[in-house]
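Step one of this worksheet: look at the structure below.
Count residues from 1 along the sequence. Every number for a ligand or one of its atoms is a count from 1 in the order of the listing.
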Amino acid sequence: MNSKEQLRDELFQVVVSLKNHVISERDSGRNCSGLYMKGEVAFQDEFIAEDAITNGEKACLTPLTLDDIRRELGDCQRCNLYQTRKNLVFGEGNQNADLVFVGEAPGEQEDLQGKPFVGRAGQLLTKIVGAMGLTRKKIYICNILKCRPPGNRNPKPDEIKTCEPFLIKQLEVINPRVICALGTFAAKTLLQTDVPISRLRGRFHSYQGIKLMPTYHPAYLLRNSGAKKQVWEDVQMIMKELQ
Ligand code: URA
């Protein structure tokens with residue numbers, strides 16, 4: 001990423017964080033600071049807009065959406081994975097989801113279809129979601145990387161670093177109640193840790209104030225069906241949290 005893109009990224013993040021902060025202040029019923037309050041009126045989008053116009057930031061006039069982030073990603077060529085991908089896999093589901101699943105990277109089927117978790121591991125994830133009493137339409141599913149690493153090799157640190165800002169923005173815009181990190185890469189990336197998934201799973205962690213449950217990746221479950229019991233324990237904790 002060049003310095004102009006980096007600056008644009010940082011600005012975008014500031015705007016999303018500001019918006020989420022204001023919304024959570026409004027929803028909590030607390031008074032917002034003078035900047036976002038007019039008399040007794042809690043935050044109004046128009047008020048941000050007013051401020052935005054003063055600063056010439058027309059992009060702030062409407063709330064940021066996942067579509068905005070997708071547009072910003074464009075025909076991404078920020079790392080080498082664009083050379084071998086068939087489709088970029090941005091993510092799928094409900095922008096207002098209470099629960100977001102974050103996986104590692106698209107596999108063969110996901111690359112072909114441009115959708116996350118649609119191969120064998122994806123079918124198992126769909127079953128897990130169903131067992132939780134949810135549907136894929138109610139939740140959001142995405143990955144650490146938006147493009148398939150050739151031969152499904154592990155993501156490289158520079159690929160994660162390049163792609164992560166877009167995941168961060170997706171999570172900021174959705175602002176779910178719970179994130180479920182599927183597998184080592186998702187858990188380690190979001191929690192910035194090297195602790196293995198076997199030690200991270202089974203309890204909630206915090207990602208930017210959002211409860212994050214790490215659990216085993218469905219692809220791992222396809223090879224180790226004994227771990228299904230632990231995944232079920234983890235998702236039950238998520239279900240309880242979402243009640
Ligand atoms: N594995 C992942 O981590 N993500 C997908 O989208 C598919 C398989």
### Message
Is a donor from one side chain sitting under 3.5 angstrom from an acceptor on the other, for R136 and T126?
### Response
yes
### Task
Please check if any side-chain donor atom of Q113 sits under 3.5 Å from a side-chain acceptor atom of K86, or the reverse.
no
### Query
Does any N or O in the side chain of D68 come within less than 3.5 Å of the main-chain N or O of T65, such that one atom is a donor and the other an acceptor?
yes
## Note on the structure
side chain to side chain contact (heavy atoms under 4.5 Å, CB included) with D234: of M239, R201, R203, only one passes, and it is R201
### Task
For atom 4 (N) of ligand 1, grab the closest protein heavy atom and report residue, atom and distance to one decimal in Å.
N143 OD1, 2.7 Å
### Atom indices of ligand 1, in the order listed, that fall short of 4.0 Å to a heavy atom of P116
6 (O)
### Query
Has the side chain of D111 got a donor or acceptor atom that lies under 3.5 Å from a matching backbone atom of G107?
no
### Query
Mind checking whether A105 has an N or O less than 3.5 Å away from an N or O of ligand 1?
yes
### Task
Could you list which atoms of ligand 1 come closer than 4.0 Å to a heavy atom of H217?
1 (N), 2 (C), 3 (O)
### Query
Is it true that K115 lies under 4.0 Å from ligand 1, counting heavy atoms only?
no
## Note on the structure
Numbered in order shown, the ligand 1 atoms found under 4.0 Å of a heavy atom of E104 are 2 (C), 3 (O)
### Query
How long is the gap from CG on L242 to CG on D98, to the nearest 0.5 Å?
6.0 Å
### Task
Say whether, by atom type as modelled, one donor and one acceptor occur between the side chain of E241 and the main chain of K211 under 3.5 angstrom.
no
### Query
Can you check whether G107 has an N/O within less than 3.5 Å of an N/O in ligand 1?
no
### Message
Checking contacts here: is it the side chain or the backbone of E110 that comes within 4.0 Å of ligand 1, counting heavy atoms only? Could be both or neither.
### Response
side chain
#### Entry: Contacting atoms of ligand 1, where contact means under 4.0 angstrom from a heavy atom of G103
3 (O)
